[in-house]
Novice: 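I have a structure I would like to understand better, so I am pasting it below and will then ask my questions one at a time.
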Amino acid sequence: MKFGIHAGLWMRSWSDDLAPILRTAADIGFDGVELSLLGIGLDRAADLRRQAQALGLELTCSTGLAADADPTSDDPAMRARAEAVLAEAIATTQALGARSLAGVVAAPWGVFEPARKADRAARAAETLGRLDGRLRDGGVRLGIEAINRFETDLTNTAAEAVAIAEATGSAQIGVLLDTFHMNVEEKDPPAAIATAGERLYHFHVSDNDRGVPGSGRYDFAASAAALRAIGYDGWVTAEMFVVPGHSTSADLNIWRAIEADPTEAARAALSFMKRVFA
């Protein structure tokens with residue numbers, strides 16, 4: 001497995017200078033850094049790729065859709081907008097030298113239409129499926145994230161995310177599971193990992209409060225065993241949001257200091273991840 005850290009742990013805004021974050025992550029000993037494409041476009045990709053390579057870091061990417069780019073919409077123009085936004089994200093991922101793009105890509109954050117859920121899931125699969133050629137050409141795999149009920153109504157569980165991934169018909173599209181979200185939505189997180197199986201393309205860890213894994217009540221040992229059981233050997237990335245008062249913190253509803261110091265949180269996370277998941 002490879003161990004990564006999400007740059008958002010340190011970021012005040014999604015457009016921050018990433019150079020000091022990359023250096024800190026390399027100094028701590030991470031294999032790679034996950035970058036949010038919410039603040040990164042093609043214009044920054046080549047420089048960031050060079051910076052990461054110079055530090056011996058690999059990059060992975062995450063992103064999310066806004067309400068004006070909805071792959072589930074019954075409006076063809078809206079679906080086309082979502083496809084275009086994701087196509088640019090795929091191109092940026094490739095330009096960064098990354099091979100993994102994951103996140104809130106089946107439906108926008110904060111859009112809820114539960115009465116039309118089945119139709120929306122079908123349209124999401126159709127829209128994402130049209131990206132297959134771009135993903136194959138770019139050598140990029142796309143992970144649909146299963147997130148909690150307060151952020152979406154479409155993909156709360158591994159089973160829901162897997163169903164959409166399979167319906168796309170693309171082998172390049174799988175799922176991202178996150179222990180924070182599984183703690184809310186899954187009765188049995190190891191069973192959710194088994195459900196994902198070979199469609200599990202990326203894995204995020206943080207504890208039940210989005211802080212250092214192992215500092216709360218989530219059962220990481222059980223999830224690690226489930227990952228081994230399905231033969232998962234990809235990225236295990238700490239996605240922690242712990243500092244209040246930043247624009248990024250407001251996006252994730254972080255209203256208090258979850259950890260005293262983000263850099264020490266990163267050190268503790270890596271130590272725990274190596275003990276439990278290696």
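It should be emphasised that the depicted structure is a prediction, and the values quoted were computed from it without experimental measurement.
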Novice: Can you list, pair by pair, the side-chain donor-acceptor contacts under 3.5 Å of residues 266-278, counting residues two or more places apart and other chains?
Specialist:
unit_1	atom_1	unit_2	atom_2	d
R267	NE	E264	OE2	3.3
S271	OG	R275	NH1	3.0

Novice: Given side chains that start at C-beta, do those of V205 and F220 come closer than 4.5 Å, heavy atoms only?
Specialist: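 With C-beta onward as the side chain, the pair touches.
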
Novice: Is it true that R116 and D119 make a salt bridge, defined as a side-chain N closer than 4.0 Å to a carboxylate O?
Specialist: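 No, this pair does not count.
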
Novice: How far does NE2 of H6 sit from SG of C61, to the nearest 0.5 angstrom?
Specialist: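 Between atom NE2 of H6 and atom SG of C61 there are 9.5 Å.
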
Novice: Backbone N or O of P213 within a donor-acceptor pair of the D207 side chain at under 3.5 Å?
Specialist: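 Checked: no pair found.
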
Novice: Ignoring hydrogens and geometry, is there a side-chain-to-backbone donor-acceptor pair from D188 to A191 under 3.5 Å?
Specialist: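 Yes; at least one donor-acceptor contact below 3.5 Å.
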
Novice: Pairs under 3.5 angstrom only: tabulate donor-acceptor contacts from the side chains of residues 25-44 to other protein residues two or more places apart or in another chain.
Specialist:
unit_1	atom_1	unit_2	atom_2	d
D31	OD2	F3	N	2.8
E34	OE1	T60	OG1	3.4
E34	OE1	H202	NE2	2.7
E34	OE1	H204	NE2	3.1
E34	OE2	S62	OG	3.2
E34	OE2	H204	NE2	3.0
S36	OG	L38	N	3.2
R44	NH1	G39	O	2.9
R44	NH2	D16	O	3.0

Novice: If the condition is side-chain contact (heavy atoms from CB on, under 4.5 Å), which residues does R134 pass it with, not counting sequence neighbours?
Specialist: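 For R134 the side-chain contact (heavy atoms from CB on, under 4.5 Å) partners, ignoring immediate neighbours, are A87, I90, L131.
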
Novice: Test the R210-F180 pair against the cation-pi criterion, namely NZ or CZ under 6.0 angstrom from the six-membered ring centroid and within 45° of the ring axis.
Specialist: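 The answer is yes, since R210 meets both limits relative to F180.
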
Novice: Given 3.5 Å as the limit, does a donor-acceptor pair link the side chain of E83 with the main chain of P71, or not?
Specialist: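 No; judged by distance alone, with no hydrogens or angles, the pair does not exist.
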
Novice: Within a reach of under 6.0 Å around CD of Q51, are more than 12 heavy atoms found that belong to other residues, nucleotides or ligands?
Specialist: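 Correct, the count exceeds 12.
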
Novice: Could you tell me whether the side chain of R123 and the main chain of T72 form a donor-acceptor pair under 3.5 Å?
Specialist: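 Indeed, once roles are kept as given, a pair shorter than 3.5 Å links the two residues.
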
Novice: Do I193 and L177 come close enough that some side-chain heavy atom pair is under 4.5 Å?
Specialist: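 I193 reaches L177 side chain to side chain.
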
Novice: Would you call L18 and M11 a side-chain contact if the rule is heavy atoms closer than 4.5 Å?
Specialist: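 The answer is yes, as the side chains (C-beta and beyond) meet within the 4.5 Å cut-off.
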
Novice: Show me, pair by pair, the donor-acceptor contacts under 3.5 angstrom made by side chains of residues 139-150, not counting sequence neighbours?
Specialist:
unit_1	atom_1	unit_2	atom_2	d
N148	OD1	F150	N	2.8
N148	ND2	E151	OE2	2.9
N148	ND2	H181	ND1	3.1
R149	NE	E185	OE2	2.9
R149	NH2	E185	OE1	3.2

Novice: Taking it one step at a time, do L200 and I230 satisfy side chain to side chain contact (heavy atoms under 4.5 Å, CB included)?
Specialist: CA-CA 9 Å; L200 182 60; I230 66 169; 3.9 Å; yes

Novice: In the structure I gave you, are the side-chain heavy atoms of W235 and E58 within less than 4.5 Å of one another anywhere?
Specialist: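 Side chain of W235 against side chain of E58, heavy atoms only: contact under 4.5 Å found.
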
Novice: At what distance, to the nearest 0.5 angstrom, does CE of M78 lie from CG of D70?
Specialist: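 So the CE of M78 and the CG of D70 are separated by 6.0 Å.
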
Novice: Assess whether a salt bridge exists between E126 and R130, defined as any Lys/Arg side-chain N lying under 4.0 Å from an Asp/Glu carboxylate O.
Specialist: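 The answer is yes: the pair qualifies as a salt bridge.
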
Novice: Taking C-beta and beyond as the side chain, do W10 and T24 meet within less than 4.5 Å on heavy atoms?
Specialist: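 W10 reaches T24 side chain to side chain.
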
Novice: Using atom types as modelled and distance alone, determine if a side-chain donor or acceptor of R12 lies under 3.5 Å from a backbone N or O of T248.
Specialist: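 It does not hold such a pair.
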
Novice: Could you check whether any side-chain N or O of R79 sits under 3.5 Å from a backbone N or O of S73, counting only pairs where one atom can act as donor and the other as acceptor?
Specialist: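 Such a contact is found between R79 side chain and S73 backbone.
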
Novice: Between D153 and R120, does any NZ, NE, NH1 or NH2 come within less than 4.0 Å of an OD or OE carboxylate oxygen?
Specialist: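 Yes, charged N to carboxylate O under 4.0 Å.
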
Novice: For N253 and S249, indicate whether the former's side chain and the latter's backbone hold a donor-acceptor pair under 3.5 Å.
Specialist: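 Not at all, since once roles are kept as given, no pair shorter than 3.5 Å links the two residues.
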
Novice: Name all residues meeting the side-chain contact (heavy atoms from CB on, under 4.5 Å) criterion together with T168; count only those two or more places apart in sequence or in a different chain, and write none if there are none.
Specialist: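 In terms of side-chain contact (heavy atoms from CB on, under 4.5 Å), with neighbours along the sequence ignored, T168 is linked to A125, L128, S170, I173.
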
Novice: Please tell me if the side chains of M240 and V212 come closer than 4.5 Å, counting only heavy atoms from C-beta onward.
Specialist: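 Yes - at least one pair of side-chain heavy atoms lies under 4.5 Å apart.
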
Novice: Can you name the side-chain hydrogen bond (donor to acceptor under 3.5 Å, both in side chains) partners of Q94, sequence neighbours left out?
Specialist: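 For Q94 there are no side-chain hydrogen bond (donor to acceptor under 3.5 Å, both in side chains) partners, ignoring immediate neighbours.
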
Novice: State, to 0.1 Å, how close S206 and T179 come at their nearest heavy-atom pair, and which atoms those are.
Specialist: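 Heavy atoms of S206 and T179 come nearest at O-OG1, 2.6 Å.
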
Novice: Side chains of L55 and R23: closer than 4.5 Å at any heavy-atom pair?
Specialist: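 They are in side-chain contact.
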
Novice: Would you call Y218 and M182 a side-chain contact if the rule is heavy atoms closer than 4.5 Å?
Specialist: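 In short, these two side chains touch, coming nearer than 4.5 Å.
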
